[in-house]
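Here is the structure we will look at, set down as structure tokens.
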Amino acid sequence: MPELSVIVHGPNTQGHLTALLDGLAAHPLPDVEVIVAAVGAWARETAQGHAPELTVLPLPDGTGDAEARAAGAARASGRWLHFVHARDGLPTGAPRTVAERAAELAELPDTVDILLFDHVHSTWQTPQRPSKDGRLLARAGRTAHALNDAPHLLRLAPLLGNRAIRADFWRAHEEDLTTDDEPFAAYAALLHADHVACLPQIAYEHRELRPESLPPLTPDDRYALIDRYETLLARTTQDRPGPHAVLYDVMVQDCLRTFARSAMPEAVAREFFRRASLAAVRRRPEHHRHPAGLEGVRRSLLEEGAYTKYRAFQAANRTRRAARSAVRARRRKLGAKLRDHQYRRALGRPVDPDLAVFSAYWNRGVTCNPAAIAAKLSELAPHIHPVWVVSPKNEALLPPGTDHVAPGTRRYWEVLATAKYLVNNVNFANAVVKRPDAVHLQTHHGTPLKRMGLDQMRFPAAAKGMDFAALLARIDKWDYSVSANSHSTRMWERAYPSRFASLDHGYPRNDVYYCATAADVLAVRERLGIAPGRRAILYAPTHRDYEAGWTPRLDLAALADHLGEDTVLLVRGHYFYDGSATPLTGLRRAGRIIDVSSYDPVEELALAADALVTDYSSIMFDYANLDRPIVIYADDWETYATTRGVYFDLMAEAPGQVARTQEELTEVFASGAWRDEGAAKARAAFRRRFCEYDDGRAAERVVRRVFLGEHEKSLPPVIPVDERIPAPTPEEASAR
């Protein structure tokens, strides 16, 4: 008997079912069965393309969601049921995560009927936004709760997809839960449950379709919202005051939101308001108090049935908001004028030859090539004072004593106006003026595999939101462009055509790969909590322009299992998602999976890792300096290459073994191919091409050339690749 039955149900609406089933078929699990209650010919044909991995249950066109769910549940043999609508999605590894948590529940003293988990919300134009449910789930913890003791769980999004239901419980209440009104079924299941448990991890993607692509709502569809809550509130009764009060608040909020945001004909709007008013009065809990402020006014007017007053109240609020918005706009305009005046005045002052401004990754902090240059500058030219541009949210992470400014402040514009040197690995603000006697040093932050700069113009996914005229204006301010290899030099000069001088000196951030000692390597591993004798594999995927959020493309728990007890998996999400909800939350399993997405600097993670697994991230070019194994996991190479554009075929010129599926990746490690002779040969060729100028003295060459004005011929020569000695591997460091 499998632990979990995933029941996919419904028609192949707008083709979303295809991607959902592709993901499920690519990662089969022994304790999870997948049943597809396929409605209509298109859904049937899509599902049958994945047989026999998935069980297909063909259903005729027009079969409703409730009937499809019931048909799928009747065929299910799992202890738990997870209903997944065909339009929605499942993050990679979600079924396994849910199944494992469900198995744990059997050890609890109380029988759990429903397991609730987090989800992301996608629309037709904004994919994978975090839900608001995470804090509610975290508040519940991992113990089982009766709903009376945790009524706040009724505030979770009413989806069947964000909960797994115990099969025996479903069958006991199937008649009551079999309805096409999914929110009703989701609420009713909670109200029937004796105990519920939570999993504060993302295990579902709910997709909202564009309303204009769906049949229009009828008046009865509008009124059904109120009927739903009336029926549910009648079941909670006054002997369950906690759930009743929460559900009442949810009803009133939902009704007011629907009334305010939905474009209803006048007659329908009046009738909706009247019915909502009656329900608000009839179901109001005893001693219930209105919230303070505008929300309290809205509720009072609703209970009064004062439709005309409510409309007037809405109009007044719109007027008030418009006035406030106008005031804020005027203040912003005045502030911008003042800052512009201050900046212009500062530009009239002499350039300070001993002042340098540094920034990295859109003002994240002291990191990357600018940080390595600043460190060497303090050694070779201590008379030059560095000031870092850092966003307020990152100030607390700065090294003690770091002189810094926040973007937009008066001093920010003053130092930008008067500094001799401006160093960045992206670009400074468009408003920054290039003074003739100032020096702009562009360090970049990677080796280009994907198309960059003007080369993005032919790729809509990459060009989205790009102002190429502004880009050209920014690159015309560059005096120098740092490069790690001749490939990068050629691509920078092609993608960013301007008069800057290319510095073929290597990436300063990569110096550490030749300067770090065995003690340094062991110290990083200790900070990360990697036990002695364990192998550490760093998994660092890149950002995709066709995905707004990040979901690991690997079943990380399964990969950790296959790698074995002696291996730690370090997982680092792309910095574009820094601070957002991550699907790795809570995924640490006995210390074998560690989320290092927020760990800086990334160079330390590379030093700690015995091997790297990545897709198309530029980390592969930097990591190759260490001459340690690299495995490419390229499950969507054709999609990436087509949508983003690439400068060379990574599949033909990879730095090691290439895996196109998770099964292939597992076999690469199981067979030892990840570090065999073929992998070493591919890595050697890759290092010669892409680690051309990285030898441990890049920062010194940049500082001497740019800040001290030394001639290029007097700089330390680049050591040939075959003569360099990288930092010791973790195994070598432990043996010393």
Side-chain angles (χ1 to χ4, degrees), residues 3-10 32 34-35 65-66 68-70 72-73 76 78-85 87-91 94-106 108 110-121 130-147 150-174 176-179 181-207 228 232 243 246-247 250 583 586:
E3 191 66 40
L4 180 69
S5 295
V6 176
I7 301 170
V8 180
H9 62 91
V32 177
V34 180
I35 297 169
D65 286 344
R69 285 195 297 266
R79 296 183 178 88
W80 288 80
L81 309 178
H82 184 198
F83 295 104
V84 178
H85 199 281
R87 68 169 178 268
D88 292 338
L90 289 175
R96 181 189 184 94
T97 302
V98 173
E100 289 182 345
R101 176 68 174 127
E104 293 174 2
L105 300 179
L108 297 180
D110 298 309
T111 300
V112 174
D113 298 319
I114 297 177
L115 171 62
L116 300 159
F117 37 83
D118 203 357
H119 71 285
V120 290
H121 179 80
S131 77
K132 298 179 181 179
D133 292 349
R135 60 183 181 83
L136 299 174
L137 294 164
R139 175 179 162 190
R142 297 182 66 84
T143 58
H145 299 274
L147 189 63
H152 70 278
L153 295 176
L154 284 165
R155 297 189 184 278
L156 297 173
L159 307 169
L160 286 176
N162 66 358
R163 59 204 67 197
I165 301 175
R166 191 167 56 83
D168 289 343
F169 171 82
W170 168 269
R171 296 185 180 104
H173 301 281
E174 186 169 4
D176 195 33
L177 302 179
T178 303
T179 169
D181 185 345
E182 181 182 358
F184 180 94
Y187 282 127
L190 275 181
L191 293 174
H192 279 300
D194 287 330
H195 290 87
V196 300
C198 297
L199 173 66
Q201 287 178 232
I202 295 171
Y204 196 68
E205 178 187 1
H206 174 60
R207 183 175 287 111
R228 170 203 303 162
L232 291 167
V246 171
L247 193 56
V250 170

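Numbers here are sequence positions counted from 1.
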Under the ring-ring contact (aromatic ring centres under 6.0 Å, His included) test, residues paired with [X] that sit two or more places apart:
{"X": "His121", "result": "His206"}
{"X": "His173", "result": "Phe169, His192"}
{"X": "His9", "result": "His85"}

For [X] against [Y], the heavy-atom pair lying closest together:
{"X": "Gly10", "Y": "Ala68", "value": "N-CB, 4.4 Å"}
{"X": "Ala189", "Y": "Leu177", "value": "N-CD2, 3.6 Å"}
{"X": "Ala203", "Y": "Phe117", "value": "CB-CD1, 3.7 Å"}
{"X": "Leu108", "Y": "Ala144", "value": "CD1-CB, 4.0 Å"}
{"X": "Pro158", "Y": "Ala186", "value": "C-CB, 3.6 Å"}
{"X": "Ala185", "Y": "Thr179", "value": "CB-CG2, 3.9 Å"}

Walk me through it: do Ile165 and Leu160 pass the test side chain to side chain contact (heavy atoms under 4.5 Å, CB included)?
-> CA-CA 9 Å; Ile165 301 175; Leu160 286 176; 4.2 Å; yes
[X] [atom1] to [Y] [atom2] distance, which is reported to the nearest 0.5 Å:
{"X": "Leu199", "Y": "Leu137", "atom1": "CG", "atom2": "CG", "result": "8.0 Å"}
{"X": "Arg166", "Y": "His195", "atom1": "CZ", "atom2": "NE2", "result": "11.5 Å"}
{"X": "Arg69", "Y": "Glu182", "atom1": "CZ", "atom2": "CD", "result": "6.0 Å"}
{"X": "Cys198", "Y": "Arg139", "atom1": "SG", "atom2": "CZ", "result": "11.0 Å"}
{"X": "Asp133", "Y": "Leu116", "atom1": "CG", "atom2": "CG", "result": "9.0 Å"}

Leu191 vs Leu232 side-chain heavy atoms within contact, under 4.5 Å | yes
Is any side-chain heavy atom of Leu90 less than 4.5 Å from a side-chain heavy atom of His82?
-> yes
Report the residues that fulfil salt bridge (Lys or Arg N to Asp or Glu O under 4.0 Å) with [X], sequence neighbours left out, ordered by chain and then residue number.
{"X": "Asp181", "result": "Arg228"}
{"X": "Asp110", "result": "none"}
{"X": "Arg155", "result": "Asp249"}
{"X": "Asp118", "result": "none"}

For [X], which residues count as a side chain to side chain contact (heavy atoms under 4.5 Å, CB included) partner, sequence neighbours excluded?
{"X": "Ala73", "value": "Ile7, Leu81, Phe83, Trp170"}
{"X": "Ala197", "value": "Arg101, Leu105, Val112, Leu115"}
{"X": "Ala138", "value": "none"}
{"X": "Glu3", "value": "Asp31, Arg79, Trp80, Ala99, Ala102, Ala103"}

Just do the side chain to side chain contact (heavy atoms under 4.5 Å, CB included) check on Leu190 and Arg163 with the steps written out, would you?
-> CA-CA 10 Å; Leu190 275 181; Arg163 59 204 67 197; 3.6 Å; yes
Checking side chain to side chain contact (heavy atoms under 4.5 Å, CB included) for the pair Ser131/Asn162: CA distance, chi angles, key distance, verdict?
-> CA-CA 11 Å; Ser131 77; Asn162 66 358; over 6 Å; no
Under the salt bridge (Lys or Arg N to Asp or Glu O under 4.0 Å) rule, what pairs show up with a residue in residues 197-207, not counting sequence neighbours?
-> Glu205-Arg207
